[in-house]
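Below: one structure, written as structure tokens.
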Amino acid sequence: SKNEGRNKLKVFDPATLHARQLQRQIVGELREAIRSGQLVLFYQPIVELSTGRIEGCEALVRWNHPVHGLIMPDQFIPVAEATGLIAELGRWVLRTAVGQLRRWRDNPATKQHDFSMRINVSAADLQSLEFVDDVGEALAEESLAPESLVLELTESAIIHNNELDRYTLASLHRLGVGLEIDDFGAGYSSMGYLRKLPVDRVKVDRQFVKDLGKDPSQLGFVAAIQEVIRSCGLEGVWEGIETAEQAEALRSIGCASGQGYYFGRPLPEMEFTEQLARQVVW
Ligand code: C2E
Ligand code: CA
Ligand code: CA
Ligand code: CA
């Protein structure tokens with residue numbers, strides 16, 4: 001039948017087969033990778049647009065694979081989410097990022113009390129009651145104020161929520177860590193929830209920054225988004241800034257913070273420490 005034919009095609013499609021094998025291999029190896037220290041965090045600056053000062057960074061995970069080299073998160077985060085390994089990965093990211101923040105505080109060259117570390121939190125983490133405790137403990141162990149950690153949550157993680165998610169979100173808010181919506185505007189056009197959630201920041205998806213400097217009408221559109229964010233009492237962080245024109249356009253309409261290759265690519269600990277110590281980005 002037609003269906004059989006389609007199934008056969010899928011099963012014997014070499015690309016699909018390869019992808020499946022790779023996925024299975026990744027699942028098997030990822031658990032071991034987390035335990036044996038093959039994951040690394042890279043850090044990308046977040047810049048105060050009015051001054052050019054580095055106000056924080058985002059921690060982005062990479063897998064330093066002994067055979068395949070540096071594997072990007074898009075290749076293994078979805079696998080980790082589908083298999084439940086994400087909880088262990090998330091705990092590793094939390095501990096590592098908070099430990100790093102402590103080292104930068106202890107280093108006179110990078111000491112900056114209002115510098116904040118952002119980590120990406122997966123939807124699954126919001127479904128675990130332990131997550132709130134993990135965050136509180138990690139901060140307490142390094143004697144760091146809760147507001148020095150900002151959790152980035154995607155819209156889909158927040159909107160497709162259930163009671164437990166909302167409880168976790170409220171608990172994190174009470175704990176005092178910063179909560180930020182990531183990829184704002186990427187998938188969901190409803191803005192009503194912005195005023196109802198206990199979040200303080202919005203990271204706007206890079207699609208809105210992309211056409212700045214090319215299409216003149218885009219600045220008005222971006223200014224309107226900025227106004228929505230501001231009127232909700234939130235702070236906007238603009239990601240995907242790749243050119244001086246984009247940075248200047250955003251600054252000119254009063255956008256607070258920016259992130260992107262123009263200010264700096266995600267860097268390993270040593271290189272980012274140097275950039276932070278110099279405090280020169282643009
Ligand atoms: P994201 O949270 O939206 O992170 C921003 C992504 O945009 C990063 O990709 C970053 O390298 C890239 N980027 C930064 N500036 C620019 C720019 O100017 N132009 C362009 N085109 N891209 C820019 P990366 O590191 O490959 O991460 C991809 C995604 O993987 C992240 O998207 C996030 O959703 C996920 N991810 C990364 N690290 C973690 C983690 O520790 N935990 C979880 N759960 N997810 C993570
Ligand atoms: Ca993010
Ligand atoms: Ca993002
Ligand atoms: Ca994303």
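Counting starts at 1 for both ligands and their atoms, in listed order. Along the sequence shown, the residues carry numbers beginning at 1.
Residue contacts with ligand 1 for Arg265 are absent, since no atom lies close enough (heavy atoms, distance under 4.0 Å). Within the 4.0 Å heavy-atom criterion, the part of Ile241 lying near ligand 1 is the backbone and not the side chain. Within the 4.0 Å heavy-atom criterion, the part of Asp182 lying near ligand 1 is the side chain and not the backbone.
Evaluation of the ring pair (Phe, Tyr, Trp, His ring centres under 6.0 Å) rule for Phe115 yields Trp104 as partners, not counting sequence neighbours. Not counting sequence neighbours, the partners of Arg206 by the side chain to side chain contact (heavy atoms under 4.5 Å, CB included) test are Glu239.
The Gln44 neighbourhood of ligand 1 comprises atoms 14 (C), 15 (N), with distances under 4.0 Å to a heavy atom of that residue. For ligand 1, the atoms closer than 4.0 angstrom to any heavy atom of Gly240 are 17 (C), 18 (O). With ligand atoms numbered from 1 in the order given, ligand 1 contributes 26 (O) to contacts under 4.0 Å with heavy atoms of Met72. Residue Pro266 has at least one heavy-atom neighbour below 4.0 Å for each of these atoms of ligand 1: 11 (O). Using a 4.0 Å cut-off to heavy atoms of Asp74, the atoms of ligand 1 that qualify are 28 (C), 29 (C), 30 (O). Less than 4.0 angstrom separates some heavy atom of Glu58 from each of these atoms of ligand 1: 2 (O), 4 (O). Counting atoms of ligand 1 from 1 in the listed order, those under 4.0 Å from a heavy atom of Asp183 are 3 (O).
When atom types are taken as modelled, the side chain of Arg102 and the backbone of Glu142 share a donor-acceptor pair closer than 3.5 angstrom. In this structure, the side chain of Glu147 does not engage the main chain of Gly178 through any donor-acceptor pair within 3.5 Å. Side chain of Glu245 to backbone of Leu212: no donor-acceptor contact under 3.5 angstrom is found. In terms of modelled atom types and a separation under 3.5 Å, the side chain of Asp125 and the main chain of Ser122 share a donor-acceptor contact. With hydrogens and angles disregarded, a donor-acceptor distance shorter than 3.5 Å links the side chain of Thr168 to the backbone of Leu126. Not a single donor-acceptor pair under 3.5 Å links the side chain of Asn64 to the backbone N or O of Leu39.
Side-chain atoms of Gln279 and Gln112 form a donor-acceptor pair, as typed in the model, at a separation below 3.5 Å. A donor-acceptor pair shorter than 3.5 Å cannot be found between the side chains of Gln275 and Arg278.
Checking only distances, Gln259 never comes within under 3.5 Å of ligand 1, N or O to N or O. In terms of polar-atom proximity, Tyr261 is counted as a contact of ligand 1, with an N or O under 3.5 Å from an N or O of the ligand.
Of all N, O or S atoms in Asp183, the one lying closest to the Ca ion (ligand 3) is OD1. Atom OD1 is the N/O/S atom of Asp182 found closest to the Ca ion (ligand 3). Within Glu239, the N, O or S atom lying nearest to the Ca ion (ligand 3) carries the name OE2.
Checking Glu58 against the Ca ion (ligand 2), an N/O/S atom falls under the 3.0 Å cut-off. Residue contact annotation: Thr154 places no N/O/S atom under 3.0 Å from the Ca ion (ligand 2).
Heavy-atom separations between Lys203 and ligand 1 are all 4.0 Å or longer.
Taking each of Glu242, Glu152, Glu81 in turn, the one with a heavy atom nearest to atom 21 (N) of ligand 1 proves to be Glu242. In the candidate list Leu89, Val93, Leu60, Leu60 is nearest to atom 8 (C) of ligand 1, counting heavy atoms. For atom 45 (N) of ligand 1, the nearest non-hydrogen atom from the set Asn120, Ile119, Val61, Leu153 comes from Asn120.
Residues Tyr43 and Met117 form a side-chain contact, since some pair of their non-hydrogen atoms from C-beta on lies under 4.5 Å apart.
Angle OE1(Glu152) to the Ca ion (ligand 2) to OD1(Asn120), rounded to 10°: 100°.
The local environment of NE2 in His65 is crowded, with over 12 non-hydrogen atoms from other residues, nucleotides or ligands closer than 6.0 Å. The number of heavy-atom neighbours closer than 6.0 Å to CD of Glu141, taken from other residues, nucleotides and ligands shown, is above 12.
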